[in-house]
Number of protein chains: 2
Amino acid sequence: MAAELTAHQLITQHRPTLDQALEAIRTRAYWSPHPEHPKAYGENGSLDAAAGKAAFEALLGSRLDLGQPGTDDFTGGEVSPYGIELGITYPHADIDVLLPAMRAGQKAWRDAGAEMRAMVCLEILKRISDRTHEFAHAVMHTSGQAFMMAFQAGGPHAQDRALEAVAYAYAEQARTPDTAEWTKPQGKRDPLALTKTFKAVPRGIALVIGCNTFPTWNGYPGLFASLATGNAVLVKPHPRAVLPLALTVQAARQVLAEAGFDPNLVALAAERPGEGIAKALAVRPEIRIIDYTGSTAFGDWLEANARQAQVYTEKAGVNTVIVESTDNYKGMLSNLAFSLSLYSGQMCTTPQNLLIPRDGITTDDGPKSYDEVVADLAKAVDGLLGDDARANALLGAIVNPDVKARLEAAAGLGEVALASREISNAEFPKAVVRTPVVVKLDGAKPDAEAAYMSECFGPVAFAVAVDSATDAVELLRRTIRDKGAMTVGAYTTSEEVEQAVEEVCLEESAQLSLNLTGGVYVNQTAAFSDFHGSGGNPAANATLCDGAFVANRFRVVEVRRES
Amino acid sequence: MAAELTAHQLITQHRPTLDQALEAIRTRAYWSPHPEHPKAYGENGSLDAAAGKAAFEALLGSRLDLGQPGTDDFTGGEVSPYGIELGITYPHADIDVLLPAMRAGQKAWRDAGAEMRAMVCLEILKRISDRTHEFAHAVMHTSGQAFMMAFQAGGPHAQDRALEAVAYAYAEQARTPDTAEWTKPQGKRDPLALTKTFKAVPRGIALVIGCNTFPTWNGYPGLFASLATGNAVLVKPHPRAVLPLALTVQAARQVLAEAGFDPNLVALAAERPGEGIAKALAVRPEIRIIDYTGSTAFGDWLEANARQAQVYTEKAGVNTVIVESTDNYKGMLSNLAFSLSLYSGQMCTTPQNLLIPRDGITTDDGPKSYDEVVADLAKAVDGLLGDDARANALLGAIVNPDVKARLEAAAGLGEVALASREISNAEFPKAVVRTPVVVKLDGAKPDAEAAYMSECFGPVAFAVAVDSATDAVELLRRTIRDKGAMTVGAYTTSEEVEQAVEEVCLEESAQLSLNLTGGVYVNQTAAFSDFHGSGGNPAANATLCDGAFVANRFRVVEVRRES
């Protein structure tokens, strides 16, 4: 088939971006090619705010026919956490037809080589980037994120993570040359001489199992890492967050076809309500890679049962912040208040347990008792969320009834230092918007431990009274080791405590943010610079993004001949 | 403790070698710093032939006390395949004492950084290299390899593979900088600025489970990859091949101590006869990495049960050579005869199934029928092994009674085209030395398939009659997919057949040698250039050596602070 996008065009347009990404993952300095500001869009083919909103609204109630083989039905039942029914239906696949069809194009995709694959991936990302405003609404109305967060985290930040994965995938494949001449001296005899060729070959079909809260941000790294290493990719979105990944699959299929490849290299596996197809897909022999974000129970099941596949999981963890002392009490409180409030704590990186010595802490504002620290934090959260418009913009909506139920139950676990409030949303009256609850717990009491040693996903923070800094550090160690952690934070002016916390993070493999008091928050990581998770504690078996995340998605096959 | 070996000394001496190794794995051209010729040793502190032999003989009947903590006994019962009892005893460990002791030095080893760890590894390799003659006897009298092969494969080639692993490990860790300044513009406001540090942290204790036939060659990559990435390493040798790895552990402990590190970072776990400690060790929570070479059954067990560890396995496969046509009939026959004879076929890379069209093949010597090809190959093997001294030098000894039993049973599986002969060894009369058996099988017959579709480890080759080149290619595909393959060979002058074979190898992930007729053999791979196994078919889940082999042996922990 005649390609509309030639290799030359793609390389001219995207190779410089790839090179910058390769440089960024080496230096880990700040870099992003994807603008964060909504107003940056609207030129050079990208949709502006109005056009993006219109594009999203045009999707409502429609059938998104991706033209996939084996489509036996259309299905979908997404209801926005903001209350509107999306009414969009997606192809439901006969897997026995779709999977073989996905393999048909693999040889050409493999033979295209690592650079061409990277270029096609970057073109897919460009198309997605152009539709960032449209994606923002799609992410907002599936995850419940507020618009600005859906725009940034679901748009440029997710695209950054995707590009980062492409860069790692390309770099990994480029480590081995395409050919080598091997000449071994044999003293006085003729040397032994071989001509060798090396080719990156894919594992097979990769399965991406998406999540409800960050369909693009968490879905893109695996999707693009697998595609860039030559695999076909089947995307199984969370049934409540299909649209952002369906639009992604649509863009990928379009670009693949335009570049002369089989669009079936990327496909969607939407499911009927309650069908639960992930388990069946995960153990299919054709599926050789799985990327999963979600519950520990299903992540553990995948690791144990999908033995034919490389399995990359991000599961649940219990994130801790140690509050031992600070030289910027106000900065600390406002930073923590923001971290607890952002997206109603529905991030895998949101702090849950704040460990505070029961004898209080030292600050630049004088000594503060445990009760004072908790009360001041409660005030800081209240102040941050005092204005309803601002609260809505920060909190977003509660993503599902389970989170709401957990939030309501949390108040019964201890003394409530800050009660959760209901916030009304003028634009979307049906949205369930709630401020975080802060519950006081005594770290020494076994019944309290049952609460704070479990993940309570949602806007729930536990202010855990501990005996000492040493006690806090040991509890941190135990929490990471037993429960896992995506993030750890600490506030301390003591070099000794800082070193102890750092040592625990090094030994238990957790990512640490120290004394954040400004505009960076423990729950945020930046692509090309920060690692998301470590892959070394129970919260996740992989990190976004490093060599290990990509190196086993392909193998290298060597062919050698006498020269 | 005061280090006798300073970082400066080590870097001055070894950094240039590391840099050359890093360059070699990028170009994959021929390179080795370890001389293959026995006469190259004897200067600059290395043992010459006589001194190496004397050192080995001094070990016989001795107790090799490694000074390990938790030693509750000494044990050992190695009997050389050449008939002599080694009589050497090794420390038997109380694992509950040894494992905690191995962790004591991990922090300092971690904090030393990737470069210093690489330098220490290279110093260990230098000490081992200096003792290559001693190691040669140790490998010979545990594996049964003939002296020259034990010298080369057990010495310089194993050291090359170790250095290759160190180079990959260093490169992988060096991809992330130690520190980064991250400054994100905020329009008119002050930029966000963070100082980030990144540190490679080890998984924990790595377990190396050694094999009988290539204790150093197969044991070193995992050992050095784990050590270079900051892990402590416990070496559990095969009970019949303890000495080479015990000497390795001894050298490592010595160098670690001299460089100021805890020698317990490397330890030996010798076992009492029949104790079978590998299973118990493999599931200990302290063990976070396992490298294993051996049977498919135990490799599969490890992958399924040692879930707390990263498991790298090299298991059994069925290696195929397709003989379809050749323009160098004599070269092909002598190359194949050598491949089948080397170390009595006791290599995981030795061809087992020779697929030959039943209607014969075309050659530069005219058409040859299936029977003629098999008869000519039998003659070539006979010619190669006609002289007893040469036969002994090539075959080595049968490593254990199982191999002998399999060899004897093979004659009953089909028509014997070449019977196995007993060769006497003048120097070691007790050695069991046997030439390979070549058995004719009809590829279309189910009872024949039961034979050729199982690994028959040892000097057994099946000349399998197939219907056509297409039939051969399909049987190759099925064999790789179902049984795995460490190597594939093919002889063909047809571009079409070549492409078909290559495509199968790409699709099933197997390493292919085409039309070898000279001094390189399908069963040999060279470090820095050839991949040993692919990690993509059932024979092995990893390759020696690539990024995937090292990238998951450590994790990177980031600490970020406001600048």
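Here is how names work: the chains are called A, B, and so on, in the same order as the sequence lines, proteins then strands, and each is numbered from 1. Owing to the predicted nature of the structure, the values given are computational and were not obtained by experimental measurement.
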Residue [X] versus chain A: region with a heavy atom under 4.5 Å:
X: B:Leu516; value: both
X: B:Arg560; value: both
X: B:Tyr168; value: both
X: B:Leu194; value: side chain
X: B:Glu498; value: side chain
X: B:Ala193; value: neither
X: B:Gln106; value: neither
X: B:Thr183; value: backbone
X: B:Ser32; value: neither
X: B:Arg110; value: side chain
X: B:Arg203; value: side chain
X: B:Asp190; value: neither

Point to revise | Side-chain heavy atoms of B:Pro185 within contact of A:Tyr30, under 4.5 Å | key: yes
Pick from [options] with the largest number of heavy-atom pairs that fall under 4.5 Å of chain A:
options: B:Glu502, B:Glu507, B:Arg553; answer: B:Glu502
options: B:Glu36, B:Arg189, B:Lys107; answer: B:Lys107
options: B:Gln524, B:His37, B:Arg288; answer: B:Gln524
options: B:Ala551, B:Ser529, B:Cys505, B:Ala180; answer: B:Ser529
options: B:Thr517, B:Asn515, B:Ile25, B:Val522; answer: B:Thr517

Point to revise | Check against side-chain contact (heavy atoms from CB on, under 4.5 Å), B:Leu506 and A:Lys199 | key: CA-CA 8 Å; B:Leu506 290 168; A:Lys199 191 176 274 192; 3.9 Å; yes
Check your understanding: Of all heavy-atom pairs between B:Pro177 and A:Thr27, which one has the smallest distance, and what is that distance?
Key -> CG-O, 3.7 Å
Is a side-chain N or O of [X] found less than 3.5 angstrom from the main chain of [Y], in a donor-acceptor match?
X: A:Arg555; Y: B:Ser509; value: no
X: B:Glu181; Y: A:Ala29; value: no
X: A:Arg175; Y: B:Asp546; value: no
X: B:Glu562; Y: A:Gly518; value: yes

Between [atom1] on residue [X] and [atom2] on residue [Y], distance to nearest 0.5 Å:
X: A:Phe531; Y: B:Glu558; atom1: CZ; atom2: CD; answer: 7.0 Å
X: B:Leu514; Y: A:Thr195; atom1: CG; atom2: OG1; answer: 11.5 Å
X: A:Gln511; Y: B:Phe198; atom1: CD; atom2: CZ; answer: 8.5 Å
X: B:Thr543; Y: A:Asn552; atom1: OG1; atom2: CG; answer: 10.5 Å
X: A:Lys196; Y: B:Ser513; atom1: NZ; atom2: OG; answer: 9.0 Å

Practice item. Quick one: list whatever passes side chain to side chain donor-acceptor pair (under 3.5 Å) with B:Thr525, sequence neighbours left out. Key: B:Arg161
Which bit of [X] is near chain B, if near means a heavy-atom gap under 4.5 Å: side chain, backbone, both or neither?
X: A:Arg561; result: both
X: A:Val557; result: both
X: A:Ala174; result: neither

Point to revise | side-chain contact (heavy atoms from CB on, under 4.5 Å) between B:Arg28 and A:Thr176, intermediate numbers included | key: CA-CA 8 Å; B:Arg28 306 199 86 78; A:Thr176 305; 3.7 Å; yes
Review point. Just wondering, more than 12 heavy atoms not from B:Asp178 lying within 6.0 Å of its CG?
Key: no
Practice item. Please check if atom CZ in B:Arg103 has more than 12 non-hydrogen atoms from other residues, nucleotides or ligands closer than 6.0 Å. Key: no
